[in-house]
Chemist: 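Mind looking over this structure? Questions follow.
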Amino acid sequence: MKALILAAGYARRLYPLTKYFPKPLLCVGHQPIINYIIDKLVKVKDIDEIIIVTNSKFIGRFRQWRKSLAGSIPIKLVDDLTKDIEHRRGAIGDINFVIKRLRLKDDLLVIGGDNIFDGDLEKFLTFSKTKKPHPVMGVYDIKSLVKAREYGVVKLNKNLQLVEFFEKPKKPESKLVAMCLYYFPRQKLNLVSDYLKSKVNKHDATGFYIEWLKNREQVFGYVFSGRWYDIGRKEFYNKANRDFKKVV
């Protein structure tokens, strides 16, 4: 299994912090955001390689960061060949770029490079394997319909199959939200390319792909517990820093 960390965004909502510096390398507590993700991935026995997709603007920063790491799992950096926000590929475009560029044929765990969470990835993957060959997404109970407006909102049936998905709805009907954490079995990787070839012109948020996918394929959700930080805005970044400073 390969793990793919999405780190090619330009994070305009966090300017000026991210104008010349990639969001996943911002520090929370005692280390960069991406290190929390790496720490989890290296403990998953099925993962034999970690891939990080970034852009031409920030690839140098990631190469410098990479030198500070030690570990047994290979980490590969991929430049998506974009240099500014106007030409970004978007999350789905980057997933497809990596699949094609590296000719991936393994199961793929995809995770947003700005996610910090307590949940156990081994349990997520154990659940995901029981649903093969269907995709599985990580879901979090945000416990507030007001807060849910900021995310992709999920409805699951009693079998934990995704039945509805709405990207940032004005009136959410569920407190379950998508975490930008996905398990894509190798048999379904080609569907990413199919989505991009369709008339749907929404390549940025992964939720748009899931919304499209659920009408063509069974998609399941795994509900995580504990803390979760989706660091998309300054207030979320500041909250994560406050919380982690309390425990560091």
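Predicted, not measured: the structure shown is a model, and the values here were computed from it.
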Chemist: Ignoring hydrogens and angles, write down the donor-acceptor pairs under 3.5 Å from the side chains of residues 168-176, residues two or more places apart or on other chains.
Modeler:
unit_1, atom_1, unit_2, atom_2, d
Glu173, OE1, Lys155, NZ, 2.9
Ser174, OG, Val154, O, 2.7
Ser174, OG, Leu176, N, 3.0

Chemist: Can you name the residues that form a side-chain hydrogen bond (donor to acceptor under 3.5 Å, both in side chains) with Arg233, not counting sequence neighbours?
Modeler: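 Testing Arg233 for side-chain hydrogen bond (donor to acceptor under 3.5 Å, both in side chains), a comparison that skips the adjacent residues, returns Glu150.
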Chemist: Does any non-hydrogen side-chain atom of Val110 lie less than 4.5 Å from one of Phe184?
Modeler: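 Yes - at least one pair of side-chain heavy atoms lies under 4.5 Å apart.
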Chemist: Can you sort out the partners of Lys43 under side-chain contact (heavy atoms from CB on, under 4.5 Å), two or more places apart, ordered by chain and number?
Modeler: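 Partners of Lys43 under the side-chain contact (heavy atoms from CB on, under 4.5 Å) test: none.
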Chemist: Go through the steps for Asp84 and Asn55 under the test side-chain contact (heavy atoms from CB on, under 4.5 Å), then give the verdict.
Modeler: CA-CA 8 Å; Asp84 52 57; Asn55 52 55; over 6 Å; no
Chemist: Any pair with a residue in residues 81-129 that passes ring pair (Phe, Tyr, Trp, His ring centres under 6.0 Å), sequence neighbours left out, goes on the list, sorted by first then second residue, please.
Modeler: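 Counting only pairs at least two positions apart or across chains, the ring pair (Phe, Tyr, Trp, His ring centres under 6.0 Å) contacts touching residues 81-129 are Phe117-Phe224, Phe124-Tyr222, Phe124-Phe224, Phe127-Tyr222.
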Chemist: Whether the side chain of Asn157 engages the backbone of Asn159 through a donor-acceptor N/O pair (distance < 3.5 Å, no angle test) should be reported.
Modeler: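 Here the side-chain-to-backbone pair exists.
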Chemist: Please verify the inter-ring angle class for Phe62 with Trp65; under 30° counts as parallel, over 60° as perpendicular, anything in between as tilted.
Modeler: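 Phe62 vs Trp65 ring planes: perpendicular.
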Chemist: In the structure I gave you, are the side-chain heavy atoms of Leu108 and Met1 within less than 4.5 Å of one another anywhere?
Modeler: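 Result no, sub-4.5 Å side-chain heavy-atom pair not found.
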Chemist: On a heavy-atom basis, which atom in Ser225 and which in Tyr140 lie closest, and how many Å separate them?
Modeler: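 Scanning both residues completely, I find the closest heavy atoms to be C-CE1, 4.5 Å.
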Chemist: Please report the interatomic distance CG(Leu191) to OG(Ser193), rounded to the nearest 0.5 Å.
Modeler: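 Interatomic distance, Leu191 CG to Ser193 OG, rounded to 0.5 Å: 9.5 Å.
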Chemist: With sequence neighbours left out, what residues match Asp118 under salt bridge (charged side-chain N to carboxylate O under 4.0 Å, His left out)?
Modeler: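 For Asp118, the residues satisfying salt bridge (charged side-chain N to carboxylate O under 4.0 Å, His left out) (neighbours in sequence not counted) are Arg227.
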Chemist: Check step by step if side-chain contact (heavy atoms from CB on, under 4.5 Å) holds for Val223 and Leu156.
Modeler: CA-CA 10 Å; Val223 183; Leu156 306 175; 4.1 Å; yes
Chemist: Look up atom NZ in Lys23 and atom CD1 in Ile33, then write down how far apart they are to the nearest 0.5 Å.
Modeler: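 So the NZ of Lys23 and the CD1 of Ile33 are separated by 7.5 Å.
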Chemist: Say you draw a straight line from CG of Leu14 to CD of Glu235; how long is it, rounded to the nearest 0.5 Å?
Modeler: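 One finds 9.0 Å between CG of Leu14 and CD of Glu235.
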Chemist: Can you list the residues that meet the side-chain contact (heavy atoms from CB on, under 4.5 Å) rule with Lys76, with sequence neighbours excluded?
Modeler: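 Once residues adjacent in sequence are excluded, the partners of Lys76 under the side-chain contact (heavy atoms from CB on, under 4.5 Å) criterion are Glu49, Val78, Leu102.
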Chemist: Given side chains that start at C-beta, do those of Leu125 and Tyr183 come closer than 4.5 Å, heavy atoms only?
Modeler: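 Yes - at least one pair of side-chain heavy atoms lies under 4.5 Å apart.
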Chemist: Quick one: list whatever passes salt bridge (charged side-chain N to carboxylate O under 4.0 Å, His left out) with Asp48, sequence neighbours left out.
Modeler: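 Once residues adjacent in sequence are excluded, the partners of Asp48 under the salt bridge (charged side-chain N to carboxylate O under 4.0 Å, His left out) criterion are Lys2.
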Chemist: Which atom pair, heavy atoms only, marks the closest approach of Met137 to Ile210?
Modeler: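 Shortest heavy-atom contact: SD-CG2, 3.9 Å.
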Chemist: Any non-hydrogen side-chain atom of Leu41 less than 4.5 Å from a side-chain atom of Ile73?
Modeler: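 Counting from C-beta outward, Leu41 and Ile73 never come under 4.5 Å.
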Chemist: Are Val163 and Val139 joined in one hydrophobic group, where the rule is that I, L, V, M, F, W and Y side chains link up if heavy atoms are under 4.5 Å apart?
Modeler: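 Each belongs to a different hydrophobic cluster.
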Chemist: Atom CD1 in Ile116, atom CD1 in Ile37: separation rounded to 0.5 Å?
Modeler: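 If we round to the nearest 0.5 Å, Ile116:CD1 and Ile37:CD1 are 7.5 Å apart.
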Chemist: So Leu25 and Phe58, do their side chains get closer than 4.5 Å, heavy atoms only?
Modeler: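 No, every pair of side-chain atoms sits at 4.5 Å or beyond.
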Chemist: Do Leu77 and Arg63 have side-chain heavy atoms sitting under 4.5 Å apart?
Modeler: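 Leu77 vs Arg63: side chains touch.
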Chemist: So, do Ser198 and Trp212 sit near enough that their side-chain heavy atoms are less than 4.5 Å apart?
Modeler: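 Touching, per the 4.5 Å side-chain cut-off.
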Chemist: Hey, are Lys214 and Glu164 close enough for a salt bridge, meaning a charged N less than 4.0 Å from a carboxylate O?
Modeler: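 No, Lys214 and Glu164 are not salt-bridged.
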Chemist: In terms of hydrophobic clusters joined by side-chain contacts under 4.5 Å, are Phe21 and Tyr15 together?
Modeler: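 They do not share one cluster, since no chain of ILVMFWY contacts under 4.5 Å joins Phe21 to Tyr15.
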Chemist: Just to verify, what does Ile85 make a side-chain contact (heavy atoms from CB on, under 4.5 Å) with, not counting sequence neighbours?
Modeler: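 Ile85 satisfies side-chain contact (heavy atoms from CB on, under 4.5 Å) with Tyr10, Arg12, Arg88 only.
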Chemist: Taking atom CG of Leu189 and atom CG of Asn96, what is their separation to the nearest 0.5 Å?
Modeler: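 Rounded to the nearest 0.5 Å, the CG-CG separation comes to 10.0 Å.
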Chemist: Rounded to the nearest 0.5 Å, how far does CD1 of Ile5 lie from CD1 of Ile111?
Modeler: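 Spacing of CD1 (Ile111) from CD1 (Ile5) equals 6.5 Å.
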Chemist: Among Ile51, Leu4, Ile95, exactly one meets side-chain contact (heavy atoms from CB on, under 4.5 Å) together with Leu104. Which residue is that?
Modeler: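 Result for side-chain contact (heavy atoms from CB on, under 4.5 Å) with Leu104: Ile51.
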Chemist: With a 6.0 Å cut-off (strictly less than), is the heavy-atom count around NZ of Lys123, excluding the residue itself, greater than 12?
Modeler: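 Counting other residues, nucleotides and ligands, NZ of Lys123 stays at 12 neighbours or fewer.
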Chemist: Please, which pairs that meet side-chain hydrogen bond (donor to acceptor under 3.5 Å, both in side chains) have at least one residue in residues 127-137, sequence neighbours excluded?
Modeler: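 Pairs touching residues 127-137 that pass the test: Asp46-Lys129, Asp107-Lys132, His134-Glu217.
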Chemist: I'd like a table of donor-acceptor pairs (distance under 3.5 Å, sequence neighbours excluded) in which one partner is a side-chain atom from residues 141-148, with atom names and distances.
Modeler:
unit_1, atom_1, unit_2, atom_2, d
Asp141, OD1, Lys143, N, 2.9
Ser144, OG, Val146, N, 3.3
Ser144, OG, Lys147, N, 3.1

Chemist: Between Pro32 and Leu26, is there a side-chain heavy-atom distance shorter than 4.5 Å?
Modeler: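 Answer no - side chains too far apart.
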Chemist: Sub-3.5 Å donor-acceptor pair from the side chain of Lys57 to the main-chain atoms of Lys19, do we have one?
Modeler: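 Yes, the answer is positive, given that a donor and an acceptor are paired below the 3.5 Å cut-off.
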Chemist: Are the side chain of Asn238 and the backbone N or O of Lys234 linked by a donor-acceptor pair below 3.5 Å?
Modeler: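 Yes, because the side chain of Asn238 sits within donor-acceptor range (under 3.5 Å) of the backbone of Lys234.
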Chemist: Heavy atoms only: give me the nearest Ala11-Thr18 pair and the separation to one decimal.
Modeler: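 Smallest heavy-atom distance, with atoms named: O-OG1, 2.6 Å.
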Chemist: Tell me the ring pair (Phe, Tyr, Trp, His ring centres under 6.0 Å) pairs involving residues 146-180, sequence neighbours left out?
Modeler: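 Sorted result for residues 146-180: Tyr151-Trp228.
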Chemist: So Tyr229 and Asp243, side-chain hydrogen bond (donor to acceptor under 3.5 Å, both in side chains) or not? Walk me through it.
Modeler: CA-CA 10 Å; Tyr229 301 87; Asp243 290 354; 2.6 Å; yes
Chemist: Starting from the C-alpha separation in whole Å, work towards a yes-or-no answer on side-chain contact (heavy atoms from CB on, under 4.5 Å) for Tyr195 and Phe208.
Modeler: CA-CA 10 Å; Tyr195 172 78; Phe208 293 124; 3.5 Å; yes
Chemist: Would one find more than 12 heavy atoms of other residues, nucleotides or ligands at under 6.0 Å from atom CD of Gln64?
Modeler: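 Open.
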Chemist: Between Ile75 and Ile38, does a side-chain contact (heavy atoms from CB on, under 4.5 Å) hold up when you go through it step by step?
Modeler: CA-CA 9 Å; Ile75 297 178; Ile38 298 290; 4.2 Å; yes
Chemist: What is the minimum heavy-atom distance between Asp80 and Ala8, and which atoms define it?
Modeler: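 Distance-wise, the nearest heavy atoms are OD2-CB, 3.6 Å.
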Chemist: For Asp79, what residues pass the side-chain contact (heavy atoms from CB on, under 4.5 Å) criterion, not counting sequence neighbours?
Modeler: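 With neighbours one apart ignored, the set is Ser56, Ile59, Leu81.
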